[in-house]
Amino acid sequence: MSEKSVPAAEGSSPADGLDVRIAQELVDKARKGGVSLAGPGGLLSQITKTVLEAALNAEMDEHLGYSKGDSTVSGDGNHRNGRSQKTVHTDVGSVRIDVPRDRKSEFEPVMVPKHSRRVEGFDESIISLYAKGLTTGEIQKHLSEIYDVDVSRELISKVTDRVVDEMNEWQSRPLERVYPVVLIDAIFVKIRDGRVVNRPIYVAVGVTLAGERDVLGLWVGTGGEGAKHWAGVLGELRNRGVADVMIVCCDGLKGLPEAINDTWPLADVQQCVVHLVRASLKYTSRKYWSRITTELRAIYTAPTVEAAESLFDEFAAEWEPKYPAMIAVWRNSWEQFTPFLKFPAPIRKLVYTTNAVESLNARFRHATRRRGHFPNEQAALKVLYLVIRNPLKNRPNITGKISGWKDILNTLALFYGERITEG
């Protein structure tokens, strides 16, 4: 069977096979010619030059109304007037291209606009590197080493500053009227404010009636994490349209439940169970951790509130003489610990912990760790916003649809009635 008669693979089009053959021919050509595929002067750079110049010539044809080589001349006397050279930065490196000119200098190319030195996609590459936690100096070095592109730190800052307006619009956007679940937590980052200090950045994640997780906003606080500042954050969410929340999951910060119920009086406040367990271990010897966590797991997976209370009484009788502070943690938090126990397993899994926010915080820490500190609040928020804006491929991300949401929503409707069904 000849190459021409080889059938396309099932589910693929002839064009797919053509693309593969063209790609293979280009690679073979590069190998035979001793040309590298990427890098300065590489095959990809040559292809990019050819594609850009072909696009610019096509734009000129459309601008003038006739193709190059045609004897027809534009009615206004305008015609081609040679070419000018310029170097543009692309995702495959710097490329020197010939840009066609017209006699009246009226040609405004779209593919490579006048005065532009970067083609579409290059700025996004810079923003992506910035979101991964690279500093402007590291991005500058990366572009120089990999693509042989000399880009100033000022240009990199300008490119990343483009997202500030977008971020401000995102931060003030209207929100849904009802969220079945809102999870709140804070992460600390180092910000220079005269001197470098740890500043809390407050994070709120909402689950919509459609089962979509969405980051509702980011807010920079002063000093340590405080319920007073949380009250301001929650008030802003209410002002942006959030009229009702069924369940708010949070850590055990003093005064936070009151701040939540001042904002949404009917909300159930669920203290994060993982935070409670961590607080318990803080007061105990490591040699007892396995035993204590096993017994605590029996409490927070109990089938009913009554069963949990009975198990906790037994737990307290055993451990209170040795670790009274640990038992006090649970007694003081019991009212905010128990709400999720009335729900079946799928809802319990959704609301018993702020781990969904903490997984986002882990990505935040990865992006901020290598920087040491930020020069100002805006620089910190810009990086964290880009982490949210650029989800990881083939990885769990904070945004997205919750699995099995319809069953969860139906169960929530049984508990919250019209607050859900008329939301």
Side-chain angles (χ1 to χ4, degrees), residues 170 173-186 202-219 230-231 233-253 256-276 300-301 303-305 333 335-361 388 391 396-423:
W170 170 82
R173 75 197 187 281
L175 299 174
E176 302 283 334
R177 196 184 77 80
V178 172
Y179 286 88
V181 180
V182 169
L183 304 99
I184 59 177
D185 202 1
Y202 298 87
V203 187
V205 174
V207 178
T208 69
L209 287 169
E212 297 282 346
R213 285 189 301 264
D214 185 26
V215 181
L216 306 182
L218 301 167
W219 301 264
W230 267 121
V233 167
L234 300 175
E236 182 181 318
L237 292 177
R238 182 182 55 200
N239 293 339
R240 287 166 60 196
V242 184
D244 193 14
V245 176
M246 276 76 255
I247 306 168
V248 179
C249 187
C250 59
D251 62 18
L253 185 66
L256 188 49
E258 291 79 8
I260 292 169
N261 287 134
D262 284 345
T263 308
W264 301 297
L266 299 179
D268 285 329
V269 180
Q270 174 63 54
Q271 183 163 344
C272 173
V273 175
V274 174
H275 278 86
L276 271 173
Y300 65 75
T301 58
T304 64
V305 174
S333 305
E335 187 178 343
Q336 284 76 47
F337 157 69
T338 53
F340 85 111
L341 292 174
K342 65 185 178 184
F343 299 118
I347 299 180
R348 287 190 184 192
K349 184 178 179 182
L350 179 64
V351 303
Y352 89 106
T353 176
T354 58
N355 270 1
V357 185
E358 291 194 8
S359 66
L360 176 63
N361 285 347
I388 299 167
N397 288 286
I398 189 64
T399 55
K401 187 87 170 183
I402 292 173
S403 177
W405 175 249
K406 290 298 183 183
D407 291 337
I408 294 173
L409 183 62
N410 276 274
T411 305
L412 286 169
L414 293 176
F415 284 92
Y416 295 104
E418 293 179 352
R419 293 170 64 194
I420 287 286
T421 57
E422 296 183 2

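All heavy atoms count here, side chains included; hydrogens, waters and symmetry mates do not.
Interatomic distance, Ile347 CD1 to Leu412 CG, rounded to the nearest 0.5 Å: 4.0 Å.
With Trp264 contributing its side chain and Ile247 its backbone, the two residues share no donor-acceptor pair below 3.5 Å. Between the Asn261 side chain and the Ala267 main chain, a donor and an acceptor come within less than 3.5 Å of each other. No donor-acceptor pair closer than 3.5 Å links the side chain of Gln271 to the backbone N or O of Cys250. Within the 3.5 Å criterion, the main-chain N or O of Arg173 finds a donor-acceptor partner in the side chain of Arg240. A distance-only check finds no donor-acceptor pair linking the side chain of Lys406 to the backbone of Gly211 [under 3.5 Å].
Side-chain contact between Gln336 and Leu256: absent, with no pair of heavy atoms (C-beta onward) separated by less than 4.5 Å. Contact check for Ile184 versus Ile260: side-chain heavy atoms found under the 4.5 Å cut-off. Taking 4.5 Å as the limit, every side-chain heavy atom of Tyr300 sits out of range of all side-chain heavy atoms of Leu276. Side-chain contact between Ile388 and Leu218: present, with at least one pair of heavy atoms (C-beta onward) separated by less than 4.5 Å. Counting only heavy atoms from C-beta outward, the side chains of Phe415 and Met246 never approach each other to under 4.5 Å. Annotation: side chain of Thr263 is not in contact with side chain of Trp230 (no heavy-atom distance under 4.5 Å). Residues Leu341 and Val305 meet the side-chain proximity criterion, which asks for heavy atoms closer than 4.5 Å.
Counting all heavy atoms, side chain and backbone alike, Val181 lies closest to Val245 at C-CG1, 4.5 Å.
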Practice problem: Give the intermediate values and the outcome of side chain to side chain contact (heavy atoms under 4.5 Å, CB included) for residues Leu350 and Trp405. | Solution: CA-CA 10 Å; Leu350 179 64; Trp405 175 249; 4.0 Å; yes
Practice problem: Report the C-alpha separation of Thr208 and Glu176 in whole Å, then their side-chain angles, then the decisive distance to 0.1 Å, and conclude whether the side chain to side chain donor-acceptor pair (under 3.5 Å) test is met. | Solution: CA-CA 7 Å; Thr208 69; Glu176 302 283 334; 6.0 Å; no
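Within the cation-pi definition used here (under 6.0 Å to the ring centroid, within 45° of the axis), Arg348 does not qualify as a partner of Phe343.
The residue from Leu209, Leu216, Asp244 that alone fulfils the side-chain contact (heavy atoms from CB on, under 4.5 Å) condition with Tyr179 is Leu216. Checked against Val269 for a side-chain contact (heavy atoms from CB on, under 4.5 Å), the options Cys249, Pro339, Pro257 give a single hit: Pro257.
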